[in-house]
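Presented below is the structure to which this report refers.
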Amino acid sequence: MIDIRLLREDRDRITDGLRRRGEDIDLTKILRLDEEVRLLLKESEGFKHRRNLVSDEIGELKKRGVNTESETLDMRKLSQKIKETDARIKSLSEDIHNELLNIPNIPHESVPLGRTPDDNVEVKRWGSPPEFDFPIKSHIELGERLGILDFQRASRLAGSGFVLFRDGGARLERSIINFMLDLHVKSHRYSEISPPFIVNRESAITTGNLPKFENDLFRVDDGNYYLVPTAEVPVTNIYRDEIVSEEILPICYVSYTPCFRKEAGSWGQDTRGLIRQHQFDKVELVKFVKPEGSYEELEKLLSDAEDVLKQLGLPYRVVTLCTGDMGFASAKTYDIEVWVPSQGKYREVSSCSNFEDFQARRGNIRYRPRGGGKPRFLHTLNGSGLAVGRTLVAILENYQQEDGSVIIPNVLRPYMDGKEKIP
RNA sequence: GGAGGGAUGGCCGAGCGGUUUAAGGCGCUGGUCUUGAAAACCAGUGAACGGAAGUUCCGUGAGUUCGAAUCUCACUCCCUCCGCCA
């Protein structure tokens, strides 16, 4: 959520930021409502001040046995007036809040201007795509031939957009999860969280998934609950409505969860295979940090996520998303894209973002500065570390052999009973 | 699912219609004392809005009242017991 005070004082900066995103949002309405609320608030407070004074007097007079009928009558009218004014304030404040919830974050100044993914800027490449001296297979073909991925039967169980992992596939998936968790916990010093896979509305509002993107989520129980689209949602909300002490910052969490997404509007893209599924596994990194160092923390987060691909020996590149391609809540995002041989291109396996205080404001997540002082909103960041299904795609395809078998990357072998190859 | 109990500041806990600016304690911060520390003593310690005055906040939301932490209703969460269950 953007800061209404900033909007009041520096409207041009907000307007300009939104314009860079390609958003043309009229802020006049909000400012008008804001002005009205503050006027009514002043009025209501004056009334209440008088009510408090006179009520005390009435108490005093009654104690002395004096008749207070006329005062009581006056106050009855005043109370009615207060009630009406407060109702109006409440209703207008809700309007403002709802408007604000639908405004995206302002891009950081370092974010390249652009409208589509073509405008994203490549930052670096690591490794080089493998050369094959035989006709390569897609992960779909490899997985089905090996009997480790079963798309057909999964669609019988649930529908399209689901997969059934079998034997070595199921084991490989579990190995990838454990490898990623261990790497981040042991080498990168994150603490592990295993959260609920269902969250309430408030949690989804904090992260920016609601109210605007309701259609992307699986609703449960008439909309009282939602299946998590990413661990970001439950984990970011751990400190919702809390004031944490500065001493415990930065807080770094790593969390494995399945992720559930409707993917409405993605028709036609990646309809076959593991790339786009309604349910997929992901290991997510989430940080709560002080505002001052948040962009250094973003770089560290990125390199922690990159490390997974380095360890797995998978070629990748990093791009900075342009203003028009960034997610709703983000101020700056790096995508990590892994090489997918069958497609001859790099595909997203991680998205690392700094939300600055956007989510913290929505979720009222603050910290108390050392030595006391006013609580301040902290900054939240997160990034995939990594998307498991897509990582599995990259492993199958990059490590495929001519006979359709797949070499297991070194770092995963301890998790696979020392096995070097599938089958 | 059934029965009962509860929710007050960072924590414990008093208050059950009108000096409540929410008692008291713990914790925390500063000071005095001390070579230093502890103890003791003194002072200060919640949040939001506002330039300030002030207003609001005792789980949440409605209501009663001139006046609500205090009374009424609904809801949420927690605890205990029973039932069911991985």
Side-chain angles (χ1 to χ4, degrees), chain A residues 1-10 30-101 194-206 210 220-226 234 237-249 251 258 288 357 360-378:
Chain A
M1 194 154 56
I2 60 164
D3 185 359
I4 183 98
R5 248 174 306 192
L6 187 66
L7 180 57
R8 254 180 239 146
E9 287 157 19
D10 199 355
I30 297 182
L31 286 169
R32 215 189 51 232
L33 291 173
D34 178 56
E35 210 158 306
E36 194 178 344
V37 163
R38 293 197 298 153
L39 218 68
L40 288 171
L41 213 52
K42 210 169 228 180
E43 194 178 80
S44 165
E45 283 184 5
F47 291 158
K48 284 174 182 168
H49 183 47
R50 196 160 146 250
R51 181 180 65 185
N52 290 345
L53 292 177
V54 177
S55 288
D56 279 352
E57 272 173 37
I58 291 174
E60 206 52 45
L61 291 173
K62 279 203 161 171
K63 216 177 274 176
R64 286 193 271 131
V66 180
N67 185 298
T68 58
E69 208 168 306
S70 76
E71 284 88 347
T72 304
L73 207 67
D74 270 2
M75 285 304 103
R76 195 173 296 160
K77 282 186 207 144
L78 185 65
S79 270
Q80 188 53 36
K81 194 133 183 160
I82 290 172
K83 203 171 279 182
E84 283 160 16
T85 311
D86 280 354
R88 178 101 181 111
I89 290 170
K90 195 183 167 199
S91 143
L92 290 174
S93 302
E94 278 167 8
D95 290 348
I96 293 170
H97 190 69
N98 289 335
E99 294 282 337
L100 287 175
L101 285 179
S194 180
F197 300 160
I198 292 180
V199 292
N200 55 29
R201 272 193 79 79
E202 289 71 31
S203 294
I205 286 171
T206 300
L210 289 182
V220 182
D221 197 28
D222 281 340
N224 291 318
Y225 297 107
Y226 296 84
N237 279 278
I238 290 174
Y239 295 107
R240 169 151 53 88
D241 291 321
E242 282 196 44
I243 302 169
V244 303
S245 72
E246 181 176 341
E247 279 70 28
I248 66 170
L249 300 179
I251 297 166
F288 302 83
D357 64 8
R361 250 173 228 291
R362 293 167 80 101
N364 195 27
I365 311 169
R366 294 173 293 171
Y367 76 97
R368 189 179 301 285
R370 216 184 301 270
K374 285 265 177 198
R376 299 175 64 197
F377 289 110
L378 46 72

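Chain letters run A, B, ... following the sequence lines, proteins first and then strands; every chain starts at 1. Atoms considered below: every heavy atom in the structure, side chains included; atoms not considered: hydrogens, waters and symmetry mates.
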Quiz item: Can A:Leu92 and A:Leu40 be said to form a side chain to side chain contact (heavy atoms under 4.5 Å, CB included), step by step?
Solution: CA-CA 10 Å; A:Leu92 290 174; A:Leu40 288 171; 3.8 Å; yes
Check the distance between [N]'s [atom2] and [X]'s [atom1] and give it to me in whole angstrom.
X	N	atom1	atom2	result
A:Glu45	B:rG50	CD	P	10 Å
A:Leu39	B:rC49	CG	C1'	15 Å
A:Arg376	B:rA47	CZ	C1'	17 Å
A:Asp86	B:rC49	CG	C1'	13 Å
A:Leu41	B:rA53	CG	P	16 Å
A:Lys62	B:rG17	NZ	P	15 Å
A:Leu61	B:rG67	CG	P	16 Å
A:Asp56	B:rU21	CG	C1'	12 Å

[atom1]-based separation of [M] from [N] [nearest Å]:
N	M	atom1	answer
B:rG63	B:rA14	P	31 Å
B:rG10	B:rA22	P	14 Å
B:rA40	B:rC26	P	9 Å
B:rG24	B:rG46	P	14 Å
B:rA3	B:rU8	P	25 Å
B:rA53	B:rC58	P	22 Å
B:rG9	B:rA69	P	14 Å
B:rC16	B:rU72	C1'	14 Å

Give every pair of a protein N or O atom and an N or O atom of nucleotides 69-77 of chain B that lie under 3.5 Å apart, one pair per line with the distance.
none

Could you tell me which non-hydrogen atom of [X] sits nearest to which non-hydrogen atom of [Y], and how far apart they are?
X	Y	value
A:Pro375	A:Pro369	CA-CD, 4.3 Å
A:Asn237	A:Ser203	ND2-O, 2.9 Å
A:Ile82	A:Lys48	CG2-CE, 3.7 Å
A:Asn67	A:Glu71	O-OE1, 4.3 Å

N/O-N/O pairs, protein side and nucleotides 61-63 of chain B side, under 3.5 Å:
unit_1: B:rA62; atom_1: OP1; unit_2: A:Lys90; atom_2: NZ; d: 2.8

Self-check item: Nearest listed nucleotide, side chain of A:Lys42, among B:rA48, B:rA52, B:rG67
Solution: B:rA52
Exercise. Output the single nucleotide from B:rC66, B:rA48, B:rU56 whose closest atom is nearest the side chain of A:Ile58.
Key: B:rC66
Practice problem: Could you pick out which residue, A:His49 or A:Arg366, lies toward the 5' side of RNA chain B when each is mapped onto its nearest nucleotide? | Solution: A:Arg366
Quiz item: Toward the 5' end of RNA chain B, which comes first, A:Glu60 or A:Leu53, by nearest nucleotide?
Solution: A:Glu60
Exercise. Give A:Arg8 one of three labels, base, sugar-phosphate or nothing, depending on what nucleic acid heavy atoms sit under 4.0 Å from its own.
Key: sugar-phosphate
Exercise. Name all residues meeting the salt bridge (Lys or Arg N to Asp or Glu O under 4.0 Å) criterion together with A:Arg51; count only those two or more places apart in sequence or in a different chain, and write none if there are none.
Key: none
So [Y] and [X], do their side chains get closer than 4.5 Å, heavy atoms only?
X	Y	result
A:Val54	A:Asp74	no
A:Arg368	A:Ser245	no
A:Tyr226	A:Asn200	no
A:Glu43	A:Arg88	no

Quiz item: Excluding sequence neighbours, so at least two apart, what forms ring-ring contact (aromatic ring centres under 6.0 Å, His included) with A:Tyr239?
Solution: A:Phe288
Quiz item: Roughly how far, to the nearest 0.5 Å, is the CD1 atom of A:Ile205 from the CE atom of A:Met1?
Solution: 10.0 Å
Quiz prompt | Residue-level proximity of residues 69-81 of chain A to RNA chain B when a heavy atom falls under 4.0 Å | solution = A:Thr72, A:Met75, A:Arg76, A:Ser79
Practice problem: Toss me the dot-bracket line for RNA chain B: Watson-Crick and G-U wobble, both under 3.5 Å, 5' to 3', using | for pairs to another strand and [ ] for crossers. | Solution: ((((((((.[[[..)..(.....]]]((((((.......))))))((((....)))).[[[[[..)....]]]]])))))))....
Within the pair [X] and [N], is there a side-chain N or O less than 4.0 Å away from OP1 or OP2?
X	N	value
A:Arg5	B:rG50	yes
A:Arg38	B:rG51	no
A:Arg51	B:rG54	no
A:Asn52	B:rG67	no

Is the number of heavy atoms from other residues, nucleotides or ligands under 6.0 Å of [X] [atom1] greater than 12?
X	atom1	answer
A:Glu35	CD	no
A:Gln80	CD	yes
A:Phe47	CZ	yes

Exercise. Using distance alone, with no hydrogens and no angle criterion, decide if A:Ser55 and A:Asn52 have a side-chain donor and acceptor under 3.5 Å apart.
Key: no
